[in-house]
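First up is the structure itself, then whatever we jot down about it.
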2 protein chains.
Amino acid sequence: MKHSHTIGEAAAASGVSAKMIRHYEKIGLIEAADRTDAGYRLYTPADIHTLRFVRRARNLGFSVDDISELLDLWKDSARASKDVRRVADGHLSALRSKAAEIHSMIDALEHLFENCTNDERPDCPILKDLADDANPARAKDVGHKFGFERVC
Amino acid sequence: MKHSHTIGEAAAASGVSAKMIRHYEKIGLIEAADRTDAGYRLYTPADIHTLRFVRRARNLGFSVDDISELLDLWKDSARASKDVRRVADGHLSALRSKAAEIHSMIDALEHLFENCTNDERPDCPILKDLADDANPARAKDVGHKFGFERVC
DNA sequence: GATAGGGCTTCCCATCATTGGAAGGTCAAG
DNA sequence: CTTGACCTTCCAATGATGGGAAGCCCTATC
């Protein structure tokens with residue numbers, strides 16, 4: 001084949017490590033590459049194009065399953081924008097949930113910090129709260145995500 | 001021992017699953033529990049207190065390593081608030097970075113969505129961008145975290 | 001007292017994406 | 001021909017959790 005590259009070149013050109021390229025091949029995300037007589041994998045510019053697609057989607061946090069679906073849509077010239085939107089929208093929702101979750105943690109920690117004196121006194125409110133056993137009976141406060149209803 | 005509980009009771013009272021309690025014991029996060037003659041683990045209220053501490057710290061996203069350190073500080077009555085702050089502050093920084101990263105992804109995806117028509121036309125800009133190979137030479141744009149400098 | 005059920009035990013495997021290493025084959029330049 | 005950089009495969013580990021199998025233990029009911 002013309003313009004074929006080794007896995008190292010494909011890795012450098014695509015931004016996906018050689019290790020991960022082999023991995024993606026093994027799990028079936030990308031097709032098995034052609035080989036030289038010696039068994040070296042060979043990559044065409046089109047393959048590298050695909051790898052760049054994969055890297056960009058990974059950088060956006062898409063799961064391998066998502067990317068597999070996106071690749072199918074990408075290769076299918078008849079695919080509709082709304083199918084892509086469906087995948088991307090699901091991912092966007094997951095990202096927003098994750099962001100909310102992280103902000104809850106940040107808020108809780110910042111709240112504790114406000115009362116933390118940063119001095120040598122051993123009555124740190126952060127530990128105090130984590131250890132707070134004042135009401136051990138309500139062990140099943142599952143509704144309160146971070147067990148912080150009694151804090152501060 | 002008085003007031004000893006089975007692992008199931010400890011799990012219900014602490015909010016940590018029995019599976020995870022055994023796991024935490026195996027990896028050394030908590031001490032090995034006493035056993036009955038039959039080999040059942042026994043947990044005192046103090047043990048359950050510790051488990052609640054662990055659960056709360058996990059809910060705040062602390063890693064097992066962080067929690068291990070927090071537990072040491074907790075048990076050491078001479079520990080200083082600033083040591084706890086150090087651990088918690090490191091964790092808070094990591095959370096803020098993670099939040100920023102996620103918001104970058106969300107912004108990038110939302111930006112693409114603005115131009116996505118959600119109709120049957122196959123020229124979806126989301127795929128188009130992921131596939132964009134207009135400038136394949138700059139494969140090492142590591143500085144641009146999401147490979148999005150050319151988008152939209 | 002036998003039996004059924006549920007809880008307990010250990011051990012192994014799976015997830016998810018990625019990285020590391022070991023042991024060995026191949027290629028190009030010096 | 002040697003050296004060193006590259007390639008190959010396979011195996012293992014990460015971190016936190018879950019699932020399941022095989023088997024033991026305890027209690028309640030018949």
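Basis for what follows: all heavy atoms, side chains included, without hydrogens, waters or symmetry-related copies. Chain naming here is simple, since letters A, B, ... match the order of the sequence lines and numbering starts at 1 in each.
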Give the rounded distance in Å between these two atoms: [atom1] of [X] and [atom2] of [N].
X        : N       : atom1 : atom2 : value
Ile7(B)  : dC25(D) : CD1   : P     : 17 Å
Glu25(B) : dT10(C) : CD    : C1'   : 12 Å
Ile21(B) : dG18(D) : CD1   : P     : 12 Å
Ile30(B) : dA16(D) : CD1   : C1'   : 14 Å
Tyr43(B) : dC8(C)  : OH    : P     : 10 Å
Lys26(A) : dA12(D) : NZ    : P     : 12 Å
Leu42(B) : dC25(D) : CG    : P     : 15 Å

Worksheet entry | Option passing side chain to side chain contact (heavy atoms under 4.5 Å, CB included) with Ser14(A) (candidates Arg55(A), Arg52(A), Glu9(A), Arg56(A)) | Arg52(A)
Check this one for me: any side-chain N or O of [X] less than 4.0 Å away from OP1 or OP2 of [N]?
X        : N       : result
Arg22(B) : dA16(D) : no
Thr6(B)  : dC8(C)  : yes
Arg41(B) : dT9(C)  : yes

Worksheet, complete the sentence: Rounded to the nearest 0.5 angstrom, the NE2-OG1 distance for His49(A) and Thr44(A) is 11.0 Å
Worksheet item: What string of B, S and - do you get for nucleotides 24-30 of chain C, 5' to 3', if B is base contact, S is sugar-phosphate-only contact and - is no contact with any protein heavy atom under 4.0 Å?
Response: -BBS---
Worksheet item: With the sugar-phosphate defined as primed atoms, P, OP1 and OP2, and the base as all remaining atoms, what B/S/- string results for nucleotides 15-22 of chain C, 5' to 3', for protein heavy atoms under 4.0 Å?
Response: --SBBBB-
In terms of hydrophobic clustering (I, L, V, M, F, W, Y; side-chain heavy atoms under 4.5 Å; direct or indirect links), are [X] and [Y] co-clustered?
X         : Y        : value
Ile106(A) : Leu70(B) : yes
Tyr43(B)  : Tyr40(B) : no
Ile67(A)  : Leu95(A) : yes

Worksheet item: Between the main-chain N or O of Val64(A) and the side-chain N or O of Ser68(A), is there a donor-acceptor pair closer than 3.5 Å?
Response: no
Worksheet entry | Pair Thr50(A), Asp47(A): side-chain N/O donor-acceptor within cut-off below 3.5 Å |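 Side-chain D/A pair, Thr50(A) to Asp47(A): absent.
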Worksheet item: Taking the side chain as C-beta and beyond, is there a heavy-atom pair between Ile21(A) and Ile30(A) under 4.5 Å?
Response: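 SC-SC contact between Ile21(A) and Ile30(A) confirmed.
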Fill in: Flag side-chain contact, heavy atom, 4.5 Å: Arg35(A) against Arg41(A)
yes
